[in-house]
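A quick write-up on the structure given underneath.
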Amino acid sequence: MSEKTIQFFFKFKDLEDVALLKPTWHSNGMLPSDKAVDGKYTNLHYNGGQCTMSGYSQSATWWVDLEREVAIDHVIIYLRTENLPLGMK
């Protein structure tokens, strides 16, 4: 592991999850939108109780109210994978 990678890892660990448990909304959701910010991401199956899911349409809108003004460093999105490795069906 390079020194640059190690520095990035420690920086990432120190960041605050400003969206955790904040109010959410989505335009055509099939599952509750608050599942996206509940801090749980070990079960990425649609009925595992830890994912949100939009309805079957060409577009969807989802938002989270951070309840204060914050500077965003980065966003992490966990894809629903049905608990399979990425790329597997």
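Computed from heavy atoms alone, side chains included, the values below leave out hydrogens, waters and symmetry copies.
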What heavy-atom pair brings S59 and N28 nearest, and what distance separates the two atoms? O-ND2, 3.5 Å
Quick check: closest heavy atoms across D65 and E67, and the distance to 0.1 Å? OD1-N, 2.8 Å
I'd like to know if the side chain of H45 reaches the main chain of N47, judged simply by a donor and an acceptor atom lying under 3.5 Å from each other, with no hydrogens or angles considered. yes
Rounded to the nearest 0.5 angstrom, the CH2-OG distance for W62 and S33 is 7.5 Å
Distance from L44 atom CG to T81 atom OG1, nearest 0.5 Å? 4.5 Å
With the side chain counted from C-beta on, respond yes when W25 and T61 share a heavy-atom pair under 4.5 Å apart, and no when they do not. yes
When clusters are formed from ILVMFWY side-chain contacts under 4.5 Å, directly or step by step, what else is grouped with M53? M30, L31, Y46, Y56
Should I72 and I77 be regarded as members of a common hydrophobic cluster, given that ILVMFWY residues are connected when their side-chain heavy atoms come within less than 4.5 Å of each other, either directly or indirectly? yes
Side chain of D34, backbone of T24: donor and acceptor closer than 3.5 Å? no
If you measure from OH on Y78 to OH on Y41, what distance do you get to the nearest 0.5 Å? 4.5 Å
Got a donor-acceptor contact below 3.5 angstrom from the T52 side chain to the P32 backbone? yes
Sub-3.5 Å donor-acceptor pair from the side chain of Q50 to the main-chain atoms of T42, do we have one? yes
May I have the step-by-step check of side-chain contact (heavy atoms from CB on, under 4.5 Å) for R80 and C51, ending in yes or no? CA-CA 7 Å; R80 192 189 90 220; C51 290; 4.0 Å; yes
Strictly below 4.0 Å, N to O, side chains only: are E16 and K22 in salt-bridge contact? no
From CA spacing to verdict: side-chain contact (heavy atoms from CB on, under 4.5 Å), V37, L21: CA-CA 5 Å; V37 296; L21 304 176; 5.8 Å; no
Which pair of heavy atoms, one from V70 and one from V18, lies closest together, and at what distance? CG2-CG2, 4.2 Å
